[in-house]
Undergrad: 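Below you'll find the structure I mean.
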Amino acid sequence: MKTKPMAWVVGGVLLLAVTLMIWNVKGTQMARASDYVIDRNYYVIVHSRGAVYDVFINGITTKKEHRIRPENFNLPINHLMQSGVNTVTYNFSPLKGRDDEGNLIVEPHENFFIHISIESVHLKTRERERITLVDARYDMEAGQIVSNEKTIFDTDPVYRQPHMQTTGELKLKSNHVWVNHGLESPIPSQHLIAEFRISDRFPRFHWLDEAVVLEDTPKLRREVRDAYRYIHKLIENGDFGGMRRIMEPGWKNAAISLNMGNSADDFIRSANSRQAFVKVLEDGRILQPLHFDQLETPLELDHLQFMADGRVVRLLPDPIQWERPGATHTTFSRFVFYMNEEGVLMVAAIVL
């Protein structure tokens with residue numbers, strides 16, 4: 001290969017910790033590129049029961065849940081939004097429990113439900129809009145997913161607001177897998193897909209026109225590990241300049257999407273991101289060794305998660321971690337990668 005061993009890491013990344021911080025700021029918008037008009041913060045709201053699942057926004061996962069009891073969450077998604085039509089995918093496996101031999105029972109059941117809505121909040125007026133994307137259960141007689149006439153909150157679904165709308169139509173696709181490092185192996189899953197349209201104009205993902213469809217091979221698995229090793233070494237050595245180089249496209253996108261400015265430098269200044277990529281965080285948490293090197297895990301045991309129609313990938317559990325000695329809480333930096341047409345692996349984004 002003509003490139004140097006680590007030349008592939010030239011993409012961008014959005015940092016989770018600072019993303020969550022930004023959503024608490026209620027100030028006015030900063031200068032932004034004239035091509036974009038982002039007047040609102042967007043959130044995905046999910047209520048689910050009876051399934052393990054991932055929720056994807058435009059192909060990138062936002063939340064992975066491995067418990068089947070009722071779970072509710074609300075997450076900011078501006079950094080995953082695109083102009084015009086946006087897609088939400090609920091990748092799920094309905095679980096009834098385990099059989100007498102301890103095997104997972106994956107099949108439709110009456111305790112399952114899923115509700116997904118999108119909410120926007122205007123940055124200046126604080127006006128809120130919400131639409132219903134999914135509110136569904138299993139019809140046990142037919143053995144298939146059906147939309148509810150009333151939502152789980154006993155209200156009529158709302159499909160249209162002044163600045164965003166959906167049709168209420170759902171697509172169901174089979175032959176997928178749900179991957180989690182806590183399970184022995186991936187399990188069969190389905191994709192429940194809904195779309196919605198917005199009036200705000202967001203920057204296009206920097207990797208969309210370059211990413212090729214990936215194939216799960218030993219070579220790819222080695223390259224993914226090497227990608228994490230390279231990032232880990234930059235953090236360990238305190239090389240923020242190196243981090244900036246690999247993150248610039250994503251940080252520029254984040255600055256625009258989060259109304260922080262028009263450049264990677266605007267993002268760095270607003271988010272204080274220099275403090276996020278250091279060996280020892282301000283609260284005392286310490287960068288941990290990469291688990292696959294520390295435990296000498298064989299390549300074939302790595303849990304890869306493919307997203308965006310197979311064009312981006314990450315490793316589970318997330319290898320970049322910080323921990324405080326004696327504490328149980330862990331901070332992650334969750335990178336995902338894409339490969340360009342030259343076969344060079346690059347950073348695409350970071351997920352929740």
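Atom set for the values below is all heavy atoms of this structure, side chains included, hydrogens, waters and symmetry mates excluded.
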Undergrad: Do the side chains of R244 and D265 get close enough for a salt bridge, i.e. N-O under 4.0 angstrom?
TA: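 Salt bridge: yes.
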Undergrad: Just jot down the side-chain hydrogen bond (donor to acceptor under 3.5 Å, both in side chains) partners of Q161, sequence neighbours excluded, or say none.
TA: none
Undergrad: Tell me whether I286 is reachable from M243 by hopping between hydrophobic residues (I, L, V, M, F, W, Y) whose side-chain heavy atoms are closer than 4.5 Å.
TA: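 Different clusters: M243 never reaches I286 through Ile, Leu, Val, Met, Phe, Trp or Tyr contacts under 4.5 Å.
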Undergrad: Applying side chain to side chain contact (heavy atoms under 4.5 Å, CB included), run through D216 and R221 and close with a yes or a no.
TA: CA-CA 7 Å; D216 188 353; R221 287 172 175 258; 2.8 Å; yes
Undergrad: Is there a side-chain contact between P203 and I38, using heavy atoms and a 4.5 Å cut-off?
TA: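 Counting from C-beta outward, P203 and I38 do come under 4.5 Å.
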Undergrad: Do any N or O atoms from the side chain of D139 and from the backbone of G143 form a donor-acceptor pair under 3.5 angstrom?
TA: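 Such a contact is absent between D139 side chain and G143 backbone.
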Undergrad: How many angstroms lie between atom NE2 of H79 and atom CZ of F205, to the nearest 0.5 angstrom?
TA: 8.5 Å
Undergrad: From F267 CZ over to N272 CG, what is the distance, rounded to the nearest 0.5 angstrom?
TA: 10.5 Å
Undergrad: Going by atom types alone, do D135 and H115 pair a side-chain donor with an acceptor below 3.5 Å?
TA: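 Yes, because at least one side-chain N or O of D135 sits under 3.5 Å from a partner of the opposite role on H115.
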Undergrad: Give the ring-plane orientation class for F337 versus F335, where under 30° counts as parallel, over 60° as perpendicular and anything between as tilted.
TA: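 The arrangement is parallel - the two ring planes meet at less than 30°.
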Undergrad: Sub-3.5 Å donor-acceptor pair from the side chain of D266 to the main-chain atoms of S263, do we have one?
TA: yes
Undergrad: Enter the distance from T87:OG1 to I193:CD1 here, rounded to the nearest 0.5 Å.
TA: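 Result: 7.5 Å between the selected atoms.
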Undergrad: Do K150 and D156 pass the salt bridge (charged side-chain N to carboxylate O under 4.0 Å, His left out) test, and can you show the C-alpha distance, the side-chain angles, and the key distance before you say yes or no?
TA: CA-CA 5 Å; K150 294 279 190 178; D156 292 327; 2.9 Å; yes
Undergrad: With the 4.5 Å side-chain cut-off for hydrophobic clustering, are V347 and F306 part of the same group?
TA: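 Per the 4.5 Å side-chain linkage, V347 and F306 are co-clustered.
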Undergrad: Answer yes or no: is there a donor N or O on one side and an acceptor on the other, between the side chain of S117 and the main chain of T132, under 3.5 Å?
TA: no
Undergrad: Between R98 and N103, does any side-chain donor sit less than 3.5 Å from a side-chain acceptor?
TA: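 The answer is no; no qualifying pair exists.
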Undergrad: Could you list all the salt bridge (Lys or Arg N to Asp or Glu O under 4.0 Å) pairs where at least one residue sits in residues 73-96, not counting sequence neighbours?
TA: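 Found K96-E107.
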Undergrad: Is there side-chain contact between Q294 and Q288, with heavy atoms separated by less than 4.5 Å?
TA: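 SC-SC contact between Q294 and Q288 ruled out.
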Undergrad: Given H109 and Y138, is the side chain to side chain contact (heavy atoms under 4.5 Å, CB included) satisfied, shown in steps?
TA: CA-CA 7 Å; H109 60 91; Y138 272 110; 5.8 Å; no
Undergrad: Does L208 belong to the same Ile/Leu/Val/Met/Phe/Trp/Tyr cluster as V312, with side-chain heavy atoms less than 4.5 Å apart forming each link?
TA: yes
Undergrad: Quiz question: by atom type and distance under 3.5 Å, do the side chains of D200 and Y42 form a donor-acceptor pair?
TA: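 Their side chains do contain a donor-acceptor pair, which is all the 3.5 Å distance test asks for.
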Undergrad: Report yes or no: does Q190 contribute a side-chain atom to a donor-acceptor pair with the main-chain N or O of L172 at less than 3.5 Å?
TA: no
Undergrad: Tell me every residue that passes ring pair (Phe, Tyr, Trp, His ring centres under 6.0 Å) with F113, counting only those two or more places apart in sequence or in another chain.
TA: none
Undergrad: Inspect the surroundings of CD in E300 and state if more than 12 heavy atoms from other residues, nucleotides or ligands are less than 6.0 Å away.
TA: yes
Undergrad: Between R314 and Y228, does a side chain to side chain contact (heavy atoms under 4.5 Å, CB included) hold up when you go through it step by step?
TA: CA-CA 10 Å; R314 69 168 172 168; Y228 285 110; 3.7 Å; yes
Undergrad: Answer yes or no: is there an ion pair linking D39 with K124, defined by an N-O contact shorter than 4.0 Å?
TA: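 Salt bridge: no.
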Undergrad: Are N41 and P76 packed together at the side-chain level, in the sense that at least one heavy-atom pair is separated by less than 4.5 angstrom?
TA: no
Undergrad: Are Y159 and F196 close enough that their ring centres sit under 6.0 Å apart?
TA: no
Undergrad: For Q321 and E323, run side chain to side chain contact (heavy atoms under 4.5 Å, CB included): C-alpha distance rounded to whole Å, both residues' side-chain angles, the deciding distance at 0.1 Å, then the answer.
TA: CA-CA 7 Å; Q321 304 180 13; E323 290 183 3; 3.9 Å; yes
Undergrad: Any non-hydrogen side-chain atom of N340 less than 4.5 Å from a side-chain atom of V212?
TA: no
Undergrad: Distance to the ring centre below 6.0 angstrom and angle to the axis at most 45 degrees; does that hold for K63 and F73?
TA: yes
Undergrad: Answer with yes or no whether the side chains of H163 and E129 bring together a donor and an acceptor at under 3.5 Å.
TA: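 There is such a pair (donor and acceptor under 3.5 Å, judged by atom type) between the side chains of E129 and H163.
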Undergrad: I'd like to know if the side chain of D239 and the backbone of G242 have a donor-acceptor N/O pair within less than 3.5 Å.
TA: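 Yes.
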Undergrad: Can you find a pair of side-chain heavy atoms, one from M164 and one from R40, that are under 4.5 Å apart?
TA: no
Undergrad: Does any part of the side chain of I114, heavy atoms only, come nearer than 4.5 Å to the side chain of L192, both counted from C-beta?
TA: yes
Undergrad: Can you name the side-chain hydrogen bond (donor to acceptor under 3.5 Å, both in side chains) partners of R160, sequence neighbours left out?
TA: none
Undergrad: Flag the pair L315 / L304 as yes when at least one side-chain heavy-atom distance between them is below 4.5 Å, and no otherwise.
TA: yes
Undergrad: From the options N253, N86, N78, select the one residue that forms a side-chain contact (heavy atoms from CB on, under 4.5 Å) with F202.
TA: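 Testing each of N253, N86, N78 against F202, the sole residue satisfying side-chain contact (heavy atoms from CB on, under 4.5 Å) is N78.
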Undergrad: Run E248 and K252 through salt bridge (charged side-chain N to carboxylate O under 4.0 Å, His left out) and show every step you take.
TA: CA-CA 6 Å; E248 183 165 5; K252 178 180 178 180; over 6 Å; no
Undergrad: Hey, can you tell me if H206 and Y338 have their rings parallel, tilted or perpendicular (30° and 60° cut-offs)?
TA: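 Answer is perpendicular, since the angle exceeds 60°.
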Undergrad: Looking at E236, I want to see if its CD is surrounded by more than 12 non-hydrogen atoms of other residues, nucleotides or ligands under 6.0 Å.
TA: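 Result for CD/E236: enclosed.
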Undergrad: To the nearest 0.5 Å, tell me how far I235 CD1 sits from F240 CZ.
TA: 11.0 Å
Undergrad: Test your reading of the model: is there a side-chain donor-acceptor pair from W322 to the backbone of V278, 3.5 Å cut-off?
TA: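 Between the backbone of V278 and the side chain of W322 there is a qualifying donor-acceptor contact (under 3.5 Å).
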Undergrad: Out of curiosity, does L234 fall in the hydrophobic cluster containing V280 (side-chain heavy atoms, cut-off under 4.5 Å, transitive links)?
TA: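 Looking at the clustering, L234 is in a separate group from V280.
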Undergrad: Nearest heavy-atom pair of R130 and V158: which atoms, and what distance?
TA: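 Scanning both residues completely, I find the closest heavy atoms to be O-CG1, 3.6 Å.
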Undergrad: Sort out for me which residue in I118, L75, N74 forms a side-chain contact (heavy atoms from CB on, under 4.5 Å) with Y43.
TA: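 Among the candidates, only N74 passes.
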Undergrad: Please list every donor-acceptor pair under 3.5 Å in which a side-chain atom of residues 45-57 meets a protein atom from a residue at least two apart or in another chain.
TA:
residue: H47; atom: ND1; partner: N72; partner atom: OD1; Å: 2.8
residue: S48; atom: OG; partner: Y90; partner atom: OH; Å: 2.9
residue: R49; atom: NE; partner: N111; partner atom: O; Å: 2.6
residue: R49; atom: NH2; partner: N111; partner atom: O; Å: 3.2
residue: D54; atom: OD1; partner: K64; partner atom: NZ; Å: 2.9
residue: D54; atom: OD1; partner: W178; partner atom: NE1; Å: 3.3
residue: D54; atom: OD2; partner: K64; partner atom: NZ; Å: 3.1
residue: D54; atom: OD2; partner: Q305; partner atom: NE2; Å: 2.6

Undergrad: Please identify each residue that fulfils side-chain contact (heavy atoms from CB on, under 4.5 Å) with T125, with sequence neighbours left out.
TA: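 With neighbours one apart ignored, the set is H122, E127.
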Undergrad: I'd like to know if the side chain of T166 reaches the main chain of E195, judged simply by a donor and an acceptor atom lying under 3.5 Å from each other, with no hydrogens or angles considered.
TA: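 Here the side-chain-to-backbone pair exists.
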Undergrad: So, the side chain of D283 versus the backbone of R285: is there a donor-acceptor pair under 3.5 Å, distance only?
TA: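 Flag set: sc D283 to bb R285 pair under 3.5 Å.
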Undergrad: Could you grab the distance from atom CG of L299 to atom CZ of R225, nearest 0.5 Å is fine?
TA: 4.5 Å
Undergrad: Could you state the interatomic distance from NE2 (H191) to NE2 (H176), rounded to the nearest 0.5 Å?
TA: 4.5 Å
